[in-house]
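Quick note: numbers below take in every heavy atom, side chains included, and nothing from hydrogens, waters or symmetry partners.
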Amino acid sequence: MELTGKCKEEFEKWYLQWVFNEKTFLSLRFNSEQILENWNSLHPSEKYGVLEDYFDSVGIIVEIQPICKVEISGLKIMGFRYYVNGEVNGNVILNTRQEARPIAVKKGDELRNEVLNKPVRK
């Protein structure tokens, strides 16, 4: 679940600004390079939550939703689907939320890089 290109650069600036503005434990003990190294060691679930906040901040909504079936005994989760900016990406239903997260992040990364790589009109 990694970002690429200009999206990665933008995220790292955003993340460091958040860490230092919030006066987190990390900001009190470590420098920027160490904080980014720590980011790389986080569990994917922890990374996903932060990446979701980052994408929200740049206007990209990344979501993972369960696909449920109603049965007599209650709801049964059939799998998970990911959405980016409200659009379902294909008819792919994944077995777990953990499978859907990196795919959704990759799609968000692609969209953000498209925006960041567009030439600026003058």
According to side-chain contact (heavy atoms from CB on, under 4.5 Å), who are the partners of [X], at least two apart in sequence or on a separate chain?
X      : answer
Lys13  : none
Glu33  : Asn31, Glu37
Glu114 : Leu111
Val115 : Arg112

Requested in this report: Take Trp39 and Val50, measure what side-chain contact (heavy atoms from CB on, under 4.5 Å) needs, and give me the verdict at the end.
Outcome: CA-CA 10 Å; Trp39 164 259; Val50 175; 3.7 Å; yes

Min side-chain heavy-atom separation [X]-[Y] under 4.5 Å:
X      : Y     : result
Arg101 : Ser45 : yes
Phe80  : Glu99 : no
Val62  : Tyr82 : no

Requested in this report: Give a yes or no answer on whether the side chain of Asp109 reaches the backbone of Val105 with a donor-acceptor pair at less than 3.5 Å.
Outcome: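 A pair under 3.5 Å: no.
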
Enter the distance from [X]:[atom1] to [Y]:[atom2] here, rounded to the nearest 0.5 Å.
X      : Y     : atom1 : atom2 : answer
Leu116 : Lys8  : CG    : NZ    : 14.5 Å
Asp56  : Leu51 : CG    : CG    : 11.0 Å
Leu3   : Phe55 : CG    : CZ    : 5.0 Å

Query raised in the report: Among pairs that include at least one residue of residues 95-118, which meet ring-ring contact (aromatic ring centres under 6.0 Å, His included), considering only residues two or more places apart or in two chains?
Result: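 Output for this query is empty, none listed.
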
Query raised in the report: Ile93: which other cluster members, linking ILVMFWY side chains closer than 4.5 Å, directly or transitively?
Result: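 Listed partners: Ile67, Met78.
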
Query raised in the report: With a cutoff of under 4.5 Å between side-chain heavy atoms, which Ile, Leu, Val, Met, Phe, Trp and Tyr residues group with Ile61?
Result: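 Its cluster mates, by chain and number: none.
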
Query raised in the report: Considering residues at least two apart in sequence or located in another chain, which fulfil the side-chain hydrogen bond (donor to acceptor under 3.5 Å, both in side chains) criterion with Ser32?
Result: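 With sequence neighbours excluded, Ser32 shows a side-chain hydrogen bond (donor to acceptor under 3.5 Å, both in side chains) to no residue whatsoever.
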
**Report entry** By side-chain hydrogen bond (donor to acceptor under 3.5 Å, both in side chains) - contacts of Lys47 (at least two apart)
**Finding:**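 Counting only residues at least two positions away or on another chain, Lys47 forms a side-chain hydrogen bond (donor to acceptor under 3.5 Å, both in side chains) with Glu2.
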
Query raised in the report: Under the side-chain contact (heavy atoms from CB on, under 4.5 Å) criterion, do Ile64 and Tyr48 qualify, and how do the steps go?
Result: CA-CA 11 Å; Ile64 308 295; Tyr48 181 78; 3.4 Å; yes

Report task. Applying ring pair (Phe, Tyr, Trp, His ring centres under 6.0 Å), name anything that partners Tyr54, two or more places apart in sequence or on another chain. Result ->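 Tyr54 satisfies ring pair (Phe, Tyr, Trp, His ring centres under 6.0 Å) with Phe11, Trp14 only.
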
